[in-house]
Structure formats: structure tokens, C-alpha cells
Amino acid sequence: MIVIIDFGSQTTHLISRRIRDLGVKSEIILPQNAFKSIKKLAPRGIILSGGPASVFGKDALLVEKEIFDLRIPVLGICYGLEVLGQMLGGKVAPGKKKEYGRTDFSLKKNCNLFAGWEKNKKDFTVWMSHFDQVVTPPIGSVVVGSTPAVPVAAFADEKKKIYGIMFHPEVHHTEYGQQVLHNFVIKICGENPLLGTKKIEEIKKYLKKEIGSNKAVCALSGGIDSSVAAYLTHQVIGRNLTCFYVDTGMMRIGETDEVINTFKNKLKLPLVVIDGKKEFLKNLKGVIDPEKKRTVIGETFIRIFEREAKKIGAKILIQGTIYPDVIESQGTKHSHKIKSHHNVAGLPEKHGFKIVEPLRMFYKDEVRKIASESKFPREMVARHVFPGPGLAVRLIGEVTEKKLEILKRADKIVIEEIKKAGLYDQIWMAFAVYTGIKTTGVTGDERKYGDLIAVRAIESRDTMTSDWVRLPYDVLAKISERIVTEVFEVVRVVYDITTKPPATMEWE
Ligand code: XMP
């Protein structure tokens, strides 16, 4: 097995998932007392994750130096590379230029970590997210790669098998990132790939243990995660499961009917539809802060579920939470909170449920795979991701019926045109944002002070990083033309061309 020391990166768990893809086990540990944990676990390799701290800041997180004398191969990623630089005789300094998202990495010298890369080419696209940088590599190491802003972007001490890379090999946007991990885990550490884990069987075993012969309710949002969670739970506990779908009024046009049709007629799940439109709007009145919005939404959901569950005597709530929801809502000791996903940190502390989350350790693409293996309708597996708080987080400012209505009509046009262009299936999600900005327009020679709608279309695989889709100009033109003519209130349309990081996918 491989030990991953977690310095609080948003993608630490993704490293473990990539290692799981290689058929190898890993364990995530904290930097505090890492030496003792490593002695006990006796791993074949150690990975130092990224993290938000600075090695010379007040909140610097380091590890015991003895770890590097254990003769276990080490790979430092991003902050992990800086830890190696700082602790093994190199030098770290604040960077002059920040690098977030895509950058070009040039391989300067080959080494075991990059074995096989030279066959591809010499320059690679990698993803970064950092500020500090190593200016002198550790004693005994040589520089093996650099980027335009970072001369020491990778170093290697082949004798001691200690490697540092500034970029994130675990995110799928890094070219050949999985090959770097493969080289480290299999070739350098000498791990043996085991057979893949039987995920579905493991999830069912877990559900049986957690629920037993009790009654449970499942919160269905219409998305793939809660649907898979409900479907597997239904297979395990049958009639003891009741699914709730709440129409919050913040769904897209036609969505509620689609969801009811899929669950009732195709997946044959026991479904209760609850009209929560008035309650959500009332609770969101005057709420502007996005974190507050999510908390209000999380609380409203749970109060509705409590009320309905009481009627049938259920005390267990099944949620389709996946790992990126957990990590963004601060799932580990040293990671920063990015946003409180409504079903994780958005939940009130006091509620009457035992919460069971069978997919908590999985990523979206793994959930989609489980759905395909479980013979879910194709349109459901391919459906774009939609956040639980719905259009509330795609609408900046206070949520009102009027703004929701404008946004819904604009959003429908975005999806229709992307489907017409045959691009829907290649995209992680596409949507309109009600920006809350008023802007000047001119219609029929008249000045019109109207709304600004932003359009976002992104691709991603595991939620942790994403790139904006290069939609053809003609498609963008059609979307813009239709929005400004069909949605009377809108006078201007812009396209969001930001990657994640630094932007998140949703605007709030
Ligand atoms: P961000 O905006 O954090 O989004 O880059 C990552 C993915 O998560 C979805 N998302 C949410 N899903 N509750 C959810 O169920 C939430 O509060 C929430 N916030 C974001 C988002 O749609 C994207 O697919």
C-alpha cells in the first residue's frame, strides 16, 4: 500500500482514487505523527499531497525528518514538493507569478518518474495551483522539468527515490498524469496491482449494515448521485424505502415532470412528490450571501424531510453525497472550505435523522459507471450535473420568482441549442447564470436598462478541475441571439471562459 500524507489539498482524496484505479490500496494520514503511522503501516511508497499552507508561513505544516531516512520512495506534489525543498537542503521562495490552471511543462531530463513520457513529446499540458516555489532543489536532486514561471517544477533524486513535482498528476486535465502515478506506484515503489474492487457489492453490504430492518427515506434531486443511492438502497431494503422528491421551484423548465417519469415509470422507485415552492422562496427572502443560501436550502430540505418521514416512521435519511461535495465543504483536517454543499455543511446541526451516504467516497465518473452497470436509462446517465440547491446558486443576489423565471427561460435556450448542435453528451454541464448586473441596451432605438445573462459550458471528469468548452462561434451566436430576443428582460449575454481553478464551476 501507499501512504498519502494529507497537507489539506482539495485533491488529496483524488490521489487515493487514482491509486485505486491502478488496483493498489492507499491510506491517507495526517502530517502530525506521520513517522509513527508510517512505521506501523509499512507502506511501499509515500506521497506528500498539496495543501493551502506556505512552508515558511506561520501555519506551515511539515513532517518529521526521519521519514526521509526510511528508504521508502517519496513523491511530493505541489506543497509536498515545497516540503521536500524546505526540509532536504533546498530553498523555497514566494513565487513572483501565480499559476492557476493550465500551464506548459517541459521535460528537461528524463528519470524513472517520467519514464515513457519522452515517447509522447517534450512539452506537456499540466495543471497547477500554487504561489510559492522551490528555487533550489534538495541536496542530491537534479531539476528534471520546468514551466515558464517555475524553473524548478520537477526534481528527482534517483538514488534515494525522492521526487518532487509542482503540478497535480491526479487531475485528469494533466496530460499523462496517471502515467506519473503509475511510474511512481508500480515501477518505483514496486507495488502489485490487485484486482479491481467490487464496488456495487461493497456499497450494498454497507447499506445492509447501516439500515438493517429499519425504514429509510431517500432525498432524490433528479441527479445521478441520489438516483444511484436510492436505486441501490431499494435493491437492499425494498419496501422499507420511500423516496422524496421536493419541487423547490428552482428546477429547470420541465425537470420535475422528467424526474417523476424516470423514477416512477423507468426505475420503479417508490416516490412521494412534495411541493416545496412556497416554503423555499419564503425562507430565501432577503438572503444574498451564497453560503447562507446553501445553509437555508439545506435546512429547508431537511425540515421538509423530517415532517414527511415522521408520517411513515422513518429515521434514516439516505443522501447521494459524493466525495467532491465532502471535500469542498471541508472534509479533511487541513483543507480549506470552498463552499458548503447544501447536503454536507449546509445541513443544520440538529435534525432527527441518522444520515447514510453510500457514495461518500466516490467520484461522479465512478457513480456514472455504477449507473451504467445497473442498467440506468441512458439519458439519465448522460444528464448534465445539476446542483442540489438548483438555480438558487446560478442566480446572484436574492432569489425571487421573477428572476427565477428569467433564468429558467434563458437556461432552456442554452440547453436546446447545445443539444441541437449535438454537443450535449460531450459536456459536463452547460447553463445560464442570472448575474444580477443591470446593463444598458438599445432596442428599437430605445434605451433599455436590462439584465446580463452569463453562459457557462464546461468539461470535467471528476469535479475537481474543469475547463471551459470551446463552443463553436455559431452556437454561441445562436444562444445569444435567442436569449436577447426571446427573454425580453435580457439585453446582454456573455460567455464565461474561466477554468477551475481558480473559478469554481457554479458562480456561487
Ligand atoms: P463547484 O461550483 O463547487 O461545483 O466547482 C462542483 C460540482 O458540484 C455541484 N455543486 C453542488 N451540488 N450541492 C450539490 O448537490 C451543492 O451545494 C453544490 N454546489 C455545487 C456543481 O453543480 C458541480 O457539478
Side-chain angles (χ1 to χ4, degrees), residues 10-11 13-14 100-101 127 129 171-173 218-230 245-246 248 250-252 255 280 284 287 289-302 317-331 335-348 355 357 359-360 362-365 367-368 382-396 399 411 414-415 427-433 454 456-469 496 498-508:
Q10 295 289 314
T11 52
H13 188 268
L14 190 53
Y100 295 126
W127 277 47
S129 191
V171 304
H172 94 271
H173 281 106
C218 183
L220 284 181
S221 67
I224 193 81
D225 309 335
S226 54
S227 309
V228 166
Y245 169 78
V246 184
T248 59
M250 297 178 298
M251 318 298 287
R252 292 164 289 193
E255 188 149 25
F280 273 94
L284 283 168
V287 179
D289 176 65
E291 281 296 276
K292 181 91 193 346
K293 266 188 199 171
R294 281 191 165 77
T295 321
V296 169
I297 290 168
E299 167 128 28
T300 309
F301 265 123
I302 207 116
L317 175 67
I318 313 288
Q319 291 206 133
T321 313
I322 58 170
Y323 193 76
D325 303 340
V326 179
I327 182 67
E328 291 208 336
S329 308
Q330 194 164 24
S335 60
H336 277 198
K337 177 165 164 173
I338 306 299
K339 56 181 74 167
S340 307
H341 281 227
H342 80 291
N343 48 346
V344 187
L347 286 186
I355 300 215
E357 296 171 317
L359 305 174
R360 201 177 164 88
F362 295 98
Y363 287 81
K364 184 72 76 186
D365 53 331
V367 176
R368 285 209 165 105
R383 189 173 177 267
H384 283 186
V385 181
F386 188 62
L391 299 179
V393 292
R394 292 181 177 172
L395 187 160
I396 315 301
V399 180
D411 192 73
V414 174
I415 298 300
I427 291 175
W428 170 271
M429 57 181 192
F431 54 93
V433 180
R456 184 141 169 83
I458 46 178
E459 53 93 357
S460 177
R461 207 173 292 163
D462 45 41
T463 322
M464 306 312 290
T465 54
S466 71
D467 199 359
W468 56 281
V469 177
D496 181 348
T498 336
T499 55
K500 170 182 177 176
T504 56
M505 295 182 187
E506 302 291 349
W507 271 40
E508 286 202 327

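In listed order, ligands and their atoms are each counted from 1. Atoms considered below: every heavy atom in the structure, side chains included; atoms not considered: hydrogens, waters and symmetry mates.
- Nearest protein heavy-atom neighbour of atom 3 (O) of ligand 1: E328 OE1, 2.4 Å.
- Nearest protein heavy-atom neighbour of atom 24 (O) of ligand 1: V385 CG1, 3.1 Å.
- At a 4.0 Å cut-off, at least one heavy atom of P389 sits close enough to ligand 1 to count as contact.
- Residue W428 places a heavy atom less than 4.0 Å from ligand 1.
- E506 has a carboxylate O that lies under 4.0 Å from a charged side-chain N of R394, or vice versa, which qualifies the two as a salt bridge.
- The closest protein non-hydrogen atom to atom 10 (N) of ligand 1 is H341 CE1, 3.4 Å.
- Scanning all heavy atoms of the two residues, the minimum distance from C218 to A230 falls at SG-CB, 3.6 Å.
- Counting heavy atoms from C-beta outward, I297 and F280 have side chains that approach closer than 4.5 Å.
- Nearest protein heavy-atom neighbour of atom 13 (N) of ligand 1: H342 ND1, 2.8 Å.
- Taking only nitrogen or oxygen atoms, main chain and side chain alike, G388 reaches within less than 3.5 Å of ligand 1.
- A donor-acceptor contact shorter than 3.5 Å is absent between the side chain of R360 and the backbone of Q319.
- Checked by distance only, ligand 1 and K339 come closer than 3.5 Å through their nitrogen or oxygen atoms.
- Taking any N or O of D325, backbone or side chain, none lies under 3.5 Å from an N or O belonging to ligand 1.
- Between the side chains of K500 and S460, no donor-acceptor pair of N or O atoms lies under 3.5 Å.
- With rounding to the nearest 0.5 angstrom, the NE2 atom of H341 is 6.0 Å from the NZ atom of K339.
- In T504, the parts holding a heavy atom less than 4.0 Å from any atom of ligand 1 are both the side chain and the backbone.
- Among the atoms of M505, some N or O lies under 3.5 angstrom from an N or O of ligand 1.
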Verdict with reasoning, L359 to V228, per side chain to side chain contact (heavy atoms under 4.5 Å, CB included): CA-CA 9 Å; L359 305 174; V228 166; 4.1 Å; yes

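- Residue E506 has at least one nitrogen or oxygen atom sitting less than 3.5 Å from a nitrogen or oxygen atom of ligand 1, judged on distance alone.
- Not a single N or O atom of T463, backbone or side chain, sits closer than 3.5 Å to an N or O atom of ligand 1.
- Of the candidates H173, H172, Q10, K364, M464 forms a side chain to side chain contact (heavy atoms under 4.5 Å, CB included) with just one, namely Q10.
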